[in-house]
Undergrad: 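One structure, as structure tokens, below. Some questions next.
The first residue of the sequence shown is numbered 1, and numbering continues consecutively from there. All figures in this text were calculated on a predicted structure; none of them were measured in a lab. FYI, side chains are in, hydrogens and waters are out, and symmetry mates aren't considered; it's all heavy atoms of this structure.
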Amino acid sequence: MGNASETFLFVSKLSKDNDFLMGTLYAICGVLSVLGNGILLFVAYRKKSSLKPAEFFVVNLAISDLGMTITLFPFAIPSAFTHMWLFNKTTCTFYAFCGVLFGLCSLSNLTVLSCVCWLKVCCSNYGNKFSYCHACMLVAGVWCYAGVFAVGPLSGWGEYGAEPYGTACCINWHAPSVSSAAMSYIICLFLFCYIVPCTVIFLSYTFILLTVQSSRQAVQQHVSPQNKITNAHGLIVKV
């Protein structure tokens, strides 16, 4: 565990009852995550030859979520039940690295998926050209994007440390007060891994909803009831 001051950082600041509750919730969520994502990946593997390019992002999301569950929960659950971080500083850094990597990968994946949906619904001329090659390149880009911010604290840009409540590890949110590099990391993380993705997701689905609404109104005015159903089904298939 290290010296006394380091040990103190890894002692929970929550009550034992709250830690026990968190450990229980972690265990339940962990089991559900492994089962849910495992089933999805199994089905995707069985039907890999018929997967559409956009479905690659769903598979990639399941991989990142499952990766987070496998790498984080085995450390978080026993630490929560014992009211303290049970492992050393190296394990703490590994835990934080995996949390940032898989967490940002999931968020970036959702961002790219929203853009692909927008492209296929709102710009069908380009969306229809979206291929398996494009999907693979974007999936690789998602992992590289997340990797940059996950590796940053390992190379001196930012810092990993104990979480505020003391039973797990994450980015050291106090480091910016003593390091300009850590401050720039936090600012970039907030801007490019929170503000930009959330804005892109919000705008993408807003434009999709507006397009669907506009198409519905046009359909109601100009086509027969049977064609209404056909066009609506075609729009759903695009998404």
Undergrad: By ring pair (Phe, Tyr, Trp, His ring centres under 6.0 Å), which residues pair with F190, not counting sequence neighbours?
TA: Y194

Undergrad: Could you work out, with disulfide (SG to SG under 2.5 Å) as the rule, every residue matching C92, not counting sequence neighbours?
TA: C169

Undergrad: Shortest non-hydrogen contact from G30 to T69?
TA: O-CG2, 3.7 Å

Undergrad: Nearest 0.5 angstrom please: K48 NZ to E55 CD, how far?
TA: 14.5 Å

Undergrad: Is the distance from the ring center of W85 to that of F87 below 6.0 Å?
TA: yes

Undergrad: In terms of ring plane angle, is the pair W157 and F149 parallel, tilted or perpendicular, where the classes change at 30° and 60°?
TA: tilted

Undergrad: Would you indicate whether the side-chain heavy atoms of L40 and Y45 approach each other to under 4.5 Å?
TA: no

Undergrad: I'd like to check V116 versus F57 (side-chain heavy atoms, cut-off strictly below 4.5 Å). Are they in contact?
TA: yes

Undergrad: Determine whether V196 and I171 fall in the same hydrophobic cluster, where Ile, Leu, Val, Met, Phe, Trp and Tyr are linked whenever their side-chain heavy atoms lie under 4.5 Å apart.
TA: yes

Undergrad: Output the distance between atom NE2 (H83) and atom CG (D17), rounded to the nearest 0.5 Å.
TA: 9.5 Å

Undergrad: For residues V43 and V59: do they belong to one hydrophobic cluster (side chain heavy atoms under 4.5 Å, members Ile, Leu, Val, Met, Phe, Trp, Tyr)?
TA: no

Undergrad: Do Y160 and V100 have side chains that get closer than 4.5 Å, going by heavy atoms?
TA: yes

Undergrad: Is there a continuous path of hydrophobic side-chain contacts, each under 4.5 Å between heavy atoms, that joins I187 to L107?
TA: no

Undergrad: Among residues at least two apart in sequence or on other chains, which ones pass side chain to side chain contact (heavy atoms under 4.5 Å, CB included) with I77?
TA: Y26, A27, F73, F81

Undergrad: Above 12 or not: heavy atoms from other molecules or residues under 6.0 Å from CH2 of W118?
TA: no

Undergrad: Name the atoms and distances for all side-chain donor-acceptor pairs under 3.5 Å in residues 197-210, with sequence neighbours left out.
TA:
| unit_1 | atom_1 | unit_2 | atom_2 | d |
| --- | --- | --- | --- | --- |
| T199 | OG1 | I195 | O | 2.7 |
| S204 | OG | V200 | O | 2.8 |
| T206 | OG1 | F202 | O | 2.6 |

Undergrad: May I ask you to check whether over 12 heavy atoms, not counting those of K47, lie within 6.0 Å of atom NZ?
TA: no

Undergrad: Rounded at 0.5 Å granularity, tell me how far NZ in K52 sits from OG in S131.
TA: 15.0 Å

Undergrad: Residues two or more places apart in sequence or in another chain: which of them pass side chain to side chain contact (heavy atoms under 4.5 Å, CB included) with S214?
TA: none

Undergrad: Does one hydrophobic cluster hold both L189 and L191, with members joined at side-chain heavy-atom distances below 4.5 Å?
TA: yes

Undergrad: Does T167 reach the side chain of L14, with side-chain heavy atoms less than 4.5 Å apart?
TA: no

Undergrad: Find the distance between CG (L72) and CZ (F102) and round it off to the nearest 0.5 Å.
TA: 8.5 Å

Undergrad: So, taking the atom named CG in D65 and the one named CD1 in I70, what distance separates them when rounded to the nearest 0.5 Å?
TA: 11.0 Å

Undergrad: For S106 and N109, which I'm curious about, is there any donor-acceptor pair between the side chains at under 3.5 Å?
TA: no

Undergrad: Whether the side chain of S179 engages the backbone of P176 through a donor-acceptor N/O pair (distance < 3.5 Å, no angle test) should be reported.
TA: no

Undergrad: With a 3.5 Å distance limit and no angle check, can you tell me whether S79 reaches the backbone of F75 through a side-chain donor-acceptor pair?
TA: yes

Undergrad: Please confirm whether the backbone N or O of S180 pairs with a side-chain atom of Y185, one donor and one acceptor, at under 3.5 Å?
TA: no

Undergrad: When you compare the side chain of L154 with that of F97, does any pair of heavy atoms fall below 4.5 Å?
TA: yes

Undergrad: Applying ring pair (Phe, Tyr, Trp, His ring centres under 6.0 Å), name anything that partners H174, two or more places apart in sequence or on another chain.
TA: none

Undergrad: To the nearest 0.5 angstrom, please state how far the CD1 atom of I186 sits from the CD atom of E159.
TA: 10.0 Å

Undergrad: In this structure, are over 12 heavy atoms from other groups packed under 6.0 Å from F20 atom CZ?
TA: no

Undergrad: Kindly determine whether C170 and E163 satisfy side chain to side chain contact (heavy atoms under 4.5 Å, CB included), including the steps that lead there.
TA: CA-CA 6 Å; C170 68; E163 288 188 345; 3.1 Å; yes

Undergrad: Check whether the ring centres of Y132 and F56 lie less than 6.0 Å apart, and answer yes or no.
TA: yes

Undergrad: Does L101 reach the side chain of W143, with side-chain heavy atoms less than 4.5 Å apart?
TA: yes

Undergrad: Are V142 and V151 connected, step by step, through hydrophobic side chains (Ile, Leu, Val, Met, Phe, Trp, Tyr) whose heavy atoms are closer than 4.5 Å?
TA: yes

Undergrad: Verify side chain to side chain contact (heavy atoms under 4.5 Å, CB included) between N60 and C105, making sure each step is shown before the conclusion.
TA: CA-CA 9 Å; N60 191 47; C105 182; 4.1 Å; yes

